[in-house]
Each structure stands twice: as C-alpha cells, then as structure tokens.
Amino acid sequence: MFYKLIIASTLFCLSCIASNDIRDLDSFKASFSQVITSNSQNKIEYTGEVFIKKSGKILWKYKTPVVKNVYINNDFAIVDEPELEQAIYTQLESEINIIKLLNGSKKVNDNSYTTNIEDVDYLIKTSKDDDKISYIKYKDKLENNVEIKFSNVVQNGDISDAIFKFTVPDNYDVIRK
C-alpha cells in the first residue's frame, strides 16, 4: 500500500507541476506534510522533502515517522530504507507521462485546479499570494483521504541531477520486485 501511495502522490505532484497557470515549471522542491486518513479515521502523518524535475526524476525524502527515500525515474522506482538497511527496486506498471499530466489539469478558480489520473480525482491549490503550489487533496483507490501540504516551496529553482542518484551501500540487502 505504501508504494501505491507514493506513486499516487508522485502523479499528483507531477500534475501540480503541470497545472495550466503553472505549467511552465521545470522543477519543484518543497518540504511536505502528508496526512493519510482511513475510513475508520485512523491517521498517519509523513513529513519530509520532495524534489521533482520535469524530466521525470523525483525524490521523496521521508523524515518521519521513519526515514525513507523514494527515487523515481519515469517508470522505475528505488525505495531506500536506511533503518532496515535495504533497497527495493521496482518496475512501475506505467511510465509517468508529463505530457499527459500537462494536458490533464483544469482551472476551477483563481487558485484551484482539478485533474483525474487513473480514476483518482485530485484537487490542487496554489497560494493566493505567489501562485506556488500549497497543497493537494485526493481520495486514493483504497478510499483513504490524502492531503499533502507544501512549505518552503521553490518552483523553477536549480536541482542538481546528482540528488536523484542512489548508490546501494555495501551492507544493504537488495530486493527486486
């Protein structure tokens, strides 16, 4: 389930980069707080940083409740779990298509956009002050409510490709899915 949430969140963030008034974005980085609420109102909150480049390179650096780094390059993902000393390599079912995402967003009002990706509806909000992406809300395929709030947002800033490279430490187990 965690991997589905990562993929859904990534698709959502890419769709945010692709929104009509902000589609000129080449990169996005921010701190985030992601709250997932189940049908039974159980909540889990993740915090960390996200780095996205229009080329399809993405890095989610989770800091709490556990340290975890999720590297995505188009249709391939690596989940680095330092506390477990393992890396999980996964071929994704489909490539993250930036063009599809660029064409999918619809402006609802001055700072709201909607898009639908793989039968999931997303609401994207931008700040009224500076048009930077402030949060994303959606209900995932498992009926969980997901809200990702962004802070310290930098749009179109320089992000080195080096941050997206993962080298497996010698003491890690490697799992291929």
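What you see below is based on every heavy atom in this structure, not just the backbone, and it leaves out hydrogens, waters and symmetry mates.
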(message) Contact between Thr167 and Pro169 at the side-chain level, heavy atoms closer than 4.5 Å - yes or no?
(response) no
(request) Check whether the ring centres of Phe32 and Tyr62 lie less than 6.0 Å apart, and answer yes or no. (result) yes
(request) Taking all non-hydrogen atoms of both residues into account, name the closest pair between Pro82 and Lys68 and its distance. (result) CD-CA, 4.3 Å
(request) Starting from the C-alpha separation in whole Å, work towards a yes-or-no answer on side-chain contact (heavy atoms from CB on, under 4.5 Å) for Tyr89 and Val174. (result) CA-CA 7 Å; Tyr89 287 68; Val174 175; 3.7 Å; yes
(message) Just verifying a value: how many Å separate Asn42 CG and Asn144 CG, rounded to the nearest 0.5 Å?
(response) 10.0 Å
(message) Let me check something: do Ile163 and Val168 share a hydrophobic cluster, defined by ILVMFWY side-chain heavy atoms less than 4.5 Å apart, either directly or through other members?
(response) yes
(request) For residues Val153 and Lys132, report the shortest heavy-atom separation together with the two atoms involved. (result) O-NZ, 3.2 Å
(message) Nearest 0.5 angstrom please: Lys149 NZ to Ser31 OG, how far?
(response) 14.5 Å
(request) Answer with yes or no whether the hydrophobic clustering places Ile44 together with Val146; edges join I, L, V, M, F, W, Y residues whose side-chain heavy atoms lie under 4.5 Å apart. (result) yes
(message) Is there a continuous path of hydrophobic side-chain contacts, each under 4.5 Å between heavy atoms, that joins Tyr46 to Trp60?
(response) yes
(message) Is the distance between the ring centroids of Phe150 and Phe28 under 6.0 Å?
(response) yes
(message) Using a strict threshold of under 4.0 Å (side-chain N to carboxylate O), is an ion pair present between Asp161 and Lys57?
(response) yes
(message) Counting C-beta onward and ignoring hydrogens, is there a side-chain heavy-atom pair between Leu92 and Ile72 closer than 4.5 Å?
(response) yes
(message) I'd like to know if the side chain of Glu143 pairs up with that of Asn39 as donor and acceptor (distance under 3.5 Å, no hydrogens or angles considered).
(response) no
(message) Quick one: does any side-chain atom of Glu147 pair with a main-chain N or O of Ser33 as donor and acceptor, under 3.5 Å?
(response) no
(request) Examine Phe76 and Phe166 and state if one hydrophobic cluster contains both, with Ile, Leu, Val, Met, Phe, Trp and Tyr joined whenever side-chain heavy atoms are less than 4.5 Å apart. (result) yes
(request) Find out whether Leu59 and Asn69 are in side-chain contact, i.e. whether some heavy atom of one side chain is under 4.5 Å from a heavy atom of the other. (result) yes
(message) Could you tell me if the side chain of Asn109 sits less than 4.5 Å from the side chain of Asn111, heavy atoms only?
(response) yes
(message) For a quick test of reading the model, state the closest non-hydrogen atom pair linking Ser134 to Thr126 and the distance between them.
(response) OG-C, 3.8 Å
(request) Answer yes or no: is there an ion pair linking Glu49 with Lys63, defined by an N-O contact shorter than 4.0 Å? (result) yes
(message) According to a hydrophobic-cluster definition based on side-chain heavy atoms being under 4.5 Å apart (Ile, Leu, Val, Met, Phe, Trp, Tyr only), do Val79 and Ile175 belong together?
(response) yes
(message) Can you confirm whether the side chains of Thr64 and Glu45 place a donor and an acceptor under 3.5 Å from each other?
(response) no
(request) Could you grab the distance from atom CD1 of Ile148 to atom CD1 of Ile124, nearest 0.5 Å is fine? (result) 10.5 Å
(request) Calculate, to the nearest 0.5 Å, the distance between atoms CD1 and OG belonging to Ile159 and Ser27 respectively. (result) 4.0 Å
(message) Looking only at side-chain N and O atoms, does Lys106 offer a donor or acceptor that is under 3.5 Å from a partner on Thr114?
(response) no
(message) Nearest 0.5 Å, please: how far is OG in Ser160 from CZ in Phe51?
(response) 11.0 Å
(message) If we count only N and O atoms by modelled type, under 3.5 Å, do the side chains of Glu81 and Tyr172 hold a donor and an acceptor together?
(response) no
(message) Any heavy-atom pair between the side chains of Ile88 and Ile78 that's under 4.5 Å?
(response) no
(message) Measuring from atom OG of Ser127 to atom OH of Tyr135, what distance do you get when rounded to the nearest 0.5 angstrom?
(response) 11.5 Å
(message) I'd like to know whether NZ of Lys141 has more than 12 heavy-atom contacts from other residues, nucleotides or ligands below 6.0 angstrom.
(response) yes
(request) Flag the pair Ile36 / Lys43 as yes when at least one side-chain heavy-atom distance between them is below 4.5 Å, and no otherwise. (result) no
(request) Answer whether the closest heavy-atom distance between the side chains of Val120 and Lys139 falls below 4.5 Å. (result) no
